[in-house]
Q: 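One structure, as structure tokens, below. Some questions next.
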Number of protein chains: 2
Amino acid sequence: MNPLDQRIVSCLVANARSSYAEVGKVVGLSAPAVKRRVDRLLDRGVLRGFTAVVDPEALGWGTEAFVEVHCRGNVSPSRIRARVEPLPEVVAAYTVTGAADAIVHLRAADIHQLETALERLRGLDIVDRTVSTVVLSRLLDRPPAAGGG
Amino acid sequence: MNPLDQRIVSCLVANARSSYAEVGKVVGLSAPAVKRRVDRLLDRGVLRGFTAVVDPEALGWGTEAFVEVHCRGNVSPSRIRARVEPLPEVVAAYTVTGAADAIVHLRAADIHQLETALERLRGLDIVDRTVSTVVLSRLLDRPPAAGGG
DNA sequence: ATTGAAATATTGCATAC
DNA sequence: GTATGCAATATTTCAAT
């Protein structure tokens, strides 16, 4: 992972559909050279793939929340993952420091669907209680810089 | 935004670099027809763009945290946005219900950089105090389903 | 890095709803 | 007017050197 790779990754984060030639023009490489590096980055898992960035509002997923999950007793991270993964409203989940065992990021069409998702989340056998924080507005949402640090 | 568009969006969320012909084969449309719909979705802002999914670890952004931000007095969302936007470690920010005024999602190279970012965040004139929750492990991180609800 | 064949993107145009 | 498919051209990919 050298500076050249980082710049290639930056280009693709900015626009995943740009051609290898376009990326090459920016980083000073020929198109085939860029492709070989991209393939290598995909192989090594640095690049996980390419995705479309969708406006959640437009799709009818305008309501989101962060939920602290407190579990009964000791529950392993992998078990938490296995239980929350099937819920389609779960966008992300993390184990965290502090009183909670996990933070679950939910995204739903509206408050009602959010409530339903929350009920299903609270119904999981591993869950003791939850503390929800509903998002009022998304102030910022951006891909991480690729040239980190 | 009809079911056809939703399926096209799904395809591109799954793989932003798939060809229009590939998408067309899935949704039952010709390549030009797919392109025209994609262009229209981009125009309308339903599709914001296409990005590479990067492994934060591999880029040296392995440490992240969620920070509750409590402001002094009444601060408008746009003002919060303006203050946190310049910090490169800020991946996302939301105004929320509950005691906190905002939740800021931070991503840094390590605990030290996270601490530095936190100090800068707490140094903002609008910030009264912060409550940090450090992520121990990312259990799940996926794009939202496109056929929502 | 360059070449050349195959795949893909993009535009114009005719057609159907 | 809106959306589609087909065909033609331009561009890009990808394996060869």
Side-chain angles (χ1 to χ4, degrees), chain A residues 1-62 109-110 141-148, chain B residues 1-59 141-149:
Chain A
M1 190 65 189
N2 56 38
L4 212 54
D5 286 322
Q6 287 191 343
R7 291 208 294 160
I8 290 172
V9 169
S10 282
C11 286
L12 291 172
V13 166
N15 179 12
R17 277 184 86 84
S18 48
S19 70
Y20 295 128
E22 277 174 326
V23 176
K25 196 179 289 183
V26 174
V27 306
L29 240 53
S30 70
V34 173
K35 182 197 163 7
R36 290 205 324 156
R37 281 178 180 268
V38 170
D39 285 344
R40 200 160 53 90
L41 290 168
L42 284 166
D43 268 354
R44 293 194 311 178
V46 176
L47 282 175
R48 290 195 186 158
F50 306 96
T51 189
V53 181
V54 176
D55 180 9
E57 304 279 345
L59 270 181
W61 291 81
D110 49 41
D141 194 3
R142 66 179 169 201
Chain B
M1 188 66 188
N2 57 37
L4 212 54
D5 286 323
Q6 288 191 343
R7 292 206 295 158
I8 290 172
V9 169
S10 282
C11 286
L12 291 173
V13 166
N15 180 13
R17 277 184 87 85
S18 47
S19 70
Y20 293 128
E22 278 174 325
V23 176
K25 197 179 289 182
V26 174
V27 306
L29 240 53
S30 70
V34 173
K35 181 194 163 8
R36 290 200 153 109
R37 280 179 179 268
V38 171
D39 285 345
R40 200 160 54 91
L41 290 168
L42 284 167
D43 267 354
R44 291 195 312 177
V46 176
L47 282 174
R48 290 197 186 156
F50 306 96
T51 189
V53 181
V54 175
D55 180 10
E57 304 277 347
L59 269 182
D141 194 3
R142 66 180 168 201

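What you see below is based on every heavy atom in this structure, not just the backbone, and it leaves out hydrogens, waters and symmetry mates. Residue numbers begin at 1 in each chain, while the letters A, B, ... track the order of the sequences.
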Q: Partners of Arg37(B) by salt bridge (Lys or Arg N to Asp or Glu O under 4.0 Å), sequence neighbours excluded?
A: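 Checked Arg37(B) against salt bridge (Lys or Arg N to Asp or Glu O under 4.0 Å); matches are Asp5(B).
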Q: What does nucleotides 4-11 of chain C look like as a protein-contact string, B for base, S for sugar-phosphate only, - for none, at under 4.0 angstrom between heavy atoms?
A: ----SSSB
Q: Based on the rotation axes of five pairs at each end, what angle does the helix from dA1(C)-dT17(D) to dC17(C)-dG1(D) bend through, to 10°?
A: 30°
Q: Measuring from Leu12(B):CG to Leu41(B):CG, what's the distance to the nearest 0.5 Å?
A: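 Between Leu12(B) CG and Leu41(B) CG, I get 8.5 Å after rounding to 0.5 Å.
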Q: Does Ala21(B) have any side chain to side chain contact (heavy atoms under 4.5 Å, CB included) partners at least two apart in sequence or in another chain, and if so, which?
A: Ser19(B), Ala31(B)
Q: Looking only at non-hydrogen atoms, find the nearest pair between Met1(B) and Arg44(B) and report the distance.
A: N-NH2, 3.4 Å
Q: Quickly work out the Leu4(B) CG to dA3(D) P distance and round it to whole Å.
A: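 Rounded to the whole Å, the gap is 11 Å.
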Q: Would you kindly give the NZ-to-C1' distance between Lys25(A) and dA1(C), to the nearest whole Å?
A: 17 Å
Q: Please report the closest heavy-atom contact between Cys11(A) and Ser18(A), naming both atoms and the distance.
A: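 Cys11(A) and Ser18(A) have their closest heavy atoms at O-OG, 4.3 Å.
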Q: Sorted by first residue and then second, give each salt bridge (charged side-chain N to carboxylate O under 4.0 Å, His left out) pair with at least one member in residues 12-36 of chain B; sequence neighbours left out.
A: Lys35(B)-Asp39(B)
Q: Report all side-chain donor-acceptor pairs from residues 45-60 of chain A shorter than 3.5 Å, counting only partners two or more places apart or in another chain.
A:
residue, atom, partner, partner atom, Å
Arg48(A), NH2, Asp55(B), OD1, 3.0
Thr51(A), OG1, Val13(B), O, 2.6
Asp55(A), OD1, Glu57(A), N, 3.2
Asp55(A), OD1, Arg48(B), NH2, 3.1

